[in-house]
Engineer: 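Sharing a structure here in structure tokens format.
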Amino acid sequence: MLRQVSLLGIVLAFSQAAEMTWHDSPDCSDEPYGTASDFPSFNSGKVPSECKAGLTWQESNASEVQYDLKWDSCNQTHLVLASYDVGTNCTQHVGSIAFPTTEVQRLFQAECVVAYAECCNDDGQLMESPEIKHVKLRNYVAAIPLCPQCAKVPQSAYDNLVSMGIRPVSCEAQRARRRLHGLPEGPPCLSSAEISSVDEVVHAQQPQQQQQRRRQQQQ
């Protein structure tokens, strides 16, 4: 009987619906002032994701509001979760919350993370500049969105890519673009001293066979 009860407890624990909570405390130790319940399970890590219905948002004692949801974008600085009016197949945008990529792993480990929200002010309108939020995602066991990592390359490698018709976006340009869209700039760009050492880092990460081939060519 005890074993049956224990197994039942495990099943119930894994059957709990995922929810995302908003907190005033930086460590999410206080009672949440807002809760997004019935947080949807996504079928894959693809970004943009499929549109999911059924999210219920409630803030303090206000009435519940329904939204559709999807992972809208992900780059080297932020993973963006966007909400939409119900029944619009994620075409009528309501608001977004951006998670720094440095926080994404912690988010899906049910830890308290920093995020930037652009919805909404006291009048229900989108805010001109995002506000810092403290968010926690609980009981999420589905696919995790896949974010590209920022590639740091030496100037010679950059010039080689440009010669082949590929134009990488610089760190400074990416930060400027985010400023124009009213989003956080993200982490600071590398300093000149750090950039000068990137070439050595890139070489050190190459497979051993490639390193041996380069040494043979230099002899």
Side-chain angles (χ1 to χ4, degrees), residues 18 20 22 36 39-52 55 67-84 89-120 126-137 140 142-162 164-192 194-195 197-199 201-202 205:
M20 184 176 286
W22 272 253
F39 192 89
S41 297
F42 291 88
N43 300 325
S44 73
K46 181 180 179 181
V47 180
S49 69
E50 69 270 31
C51 182
K52 288 287 189 176
L55 180 78
Y67 292 112
D68 291 346
L69 205 67
K70 77 173 183 178
W71 296 111
D72 185 65
S73 62
C74 190
N75 55 33
Q76 64 265 34
T77 61
H78 289 83
L79 169 65
V80 178
L81 180 66
S83 57
Y84 300 83
N89 195 29
C90 291
T91 57
Q92 298 297 320
H93 183 251
V94 175
S96 299
I97 182 166
F99 300 94
T101 52
T102 54
E103 297 278 76
V104 169
Q105 183 177 356
R106 298 179 61 244
L107 172 69
F108 290 100
Q109 292 175 343
E111 297 183 33
C112 187
V113 301
V114 171
Y116 301 89
E118 65 175 17
C119 178
C120 296
L126 295 181
M127 294 179 291
E128 293 184 2
S129 59
E131 289 186 352
I132 296 177
K133 303 294 182 180
H134 305 287
V135 179
K136 193 168 187 177
L137 178 62
Y140 186 82
I144 297 175
L146 303 175
C147 295
Q149 298 299 315
C150 182
K152 303 178 180 66
V153 297
Q155 185 64 42
S156 57
Y158 178 89
D159 294 339
N160 187 42
L161 290 172
V162 171
M164 294 186 294
I166 303 172
R167 185 170 295 278
V169 178
S170 68
C171 176
E172 291 81 2
Q174 178 71 7
R175 286 164 61 88
R177 183 181 302 173
R178 294 189 65 81
R179 284 198 302 272
L180 291 174
H181 285 82
L183 294 174
E185 294 181 356
C189 298
L190 293 176
S191 65
S192 299
E194 290 171 324
I195 292 175
S197 65
V198 166
D199 189 60
V201 174
V202 172
Q205 293 177 344

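Note that the structure is a prediction, hence the values are computed from the model and not measured. Below, all heavy atoms of this structure are taken into account, side chains as well, without hydrogens, waters or symmetry copies.
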Engineer: Rounded at 0.5 Å granularity, tell me how far SG in Cys51 sits from CG in Leu69.
Structural biologist: 8.0 Å
Engineer: For Phe42 and Lys52, work out which heavy atoms get closest and say how close.
Structural biologist: CE2-CG, 3.6 Å
Engineer: Report the distance from atom NZ of Lys136 to atom CZ of Arg106, rounding to the nearest 0.5 Å.
Structural biologist: 10.0 Å
Engineer: Kindly give the heavy-atom pair with the smallest separation between Leu107 and Val113, and that separation in Å.
Structural biologist: N-CG1, 3.6 Å
Engineer: To the nearest 0.5 Å, how far apart are CG in Leu81 and CG in Leu55?
Structural biologist: 8.0 Å
Engineer: For Cys112 versus His134, what's the shortest heavy-atom pair and its separation?
Structural biologist: SG-CB, 4.2 Å
Engineer: If you define the side chain from C-beta out and look only at heavy atoms, does anything of Asn89 sit under 4.5 Å from Tyr84?
Structural biologist: no
Engineer: Output yes when a side-chain donor or acceptor of His78 lies under 3.5 Å from a complementary backbone atom of Val80, and no otherwise.
Structural biologist: no
Engineer: Give, for atom CG of Asp72 and atom OG of Ser49, the distance between the pair rounded to the nearest 0.5 Å.
Structural biologist: 8.5 Å
Engineer: If I compare all heavy atoms of Lys133 with all of Ala117, which pair ends up nearest, and what's the gap?
Structural biologist: CG-CB, 3.7 Å
Engineer: I'd like to check the side-chain contact (heavy atoms from CB on, under 4.5 Å) partners of Ala142; sequence neighbours left out, ordered by chain and number.
Structural biologist: Ser41, Tyr140
Engineer: Rounded to the nearest 0.5 Å, how far does CD1 of Ile132 lie from OH of Tyr116?
Structural biologist: 5.0 Å
Engineer: Output all residues satisfying side chain to side chain donor-acceptor pair (under 3.5 Å) with Gln105, sequence neighbours left out; order by chain, then residue number.
Structural biologist: none
Engineer: Specify the closest pair of heavy atoms between Glu50 and Lys70, including all atoms of both residues, with the distance to one decimal.
Structural biologist: O-CB, 3.5 Å
Engineer: Flag the pair Val135 / Phe99 as yes when at least one side-chain heavy-atom distance between them is below 4.5 Å, and no otherwise.
Structural biologist: yes
Engineer: Quick one: does Ser83's side chain have a donor or acceptor within less than 3.5 Å of a partner on Tyr67's backbone?
Structural biologist: no
Engineer: Might you work through the side chain to side chain donor-acceptor pair (under 3.5 Å) test for Asn75 and Thr77, ending with a clear yes or no?
Structural biologist: CA-CA 5 Å; Asn75 55 33; Thr77 61; 2.8 Å; yes
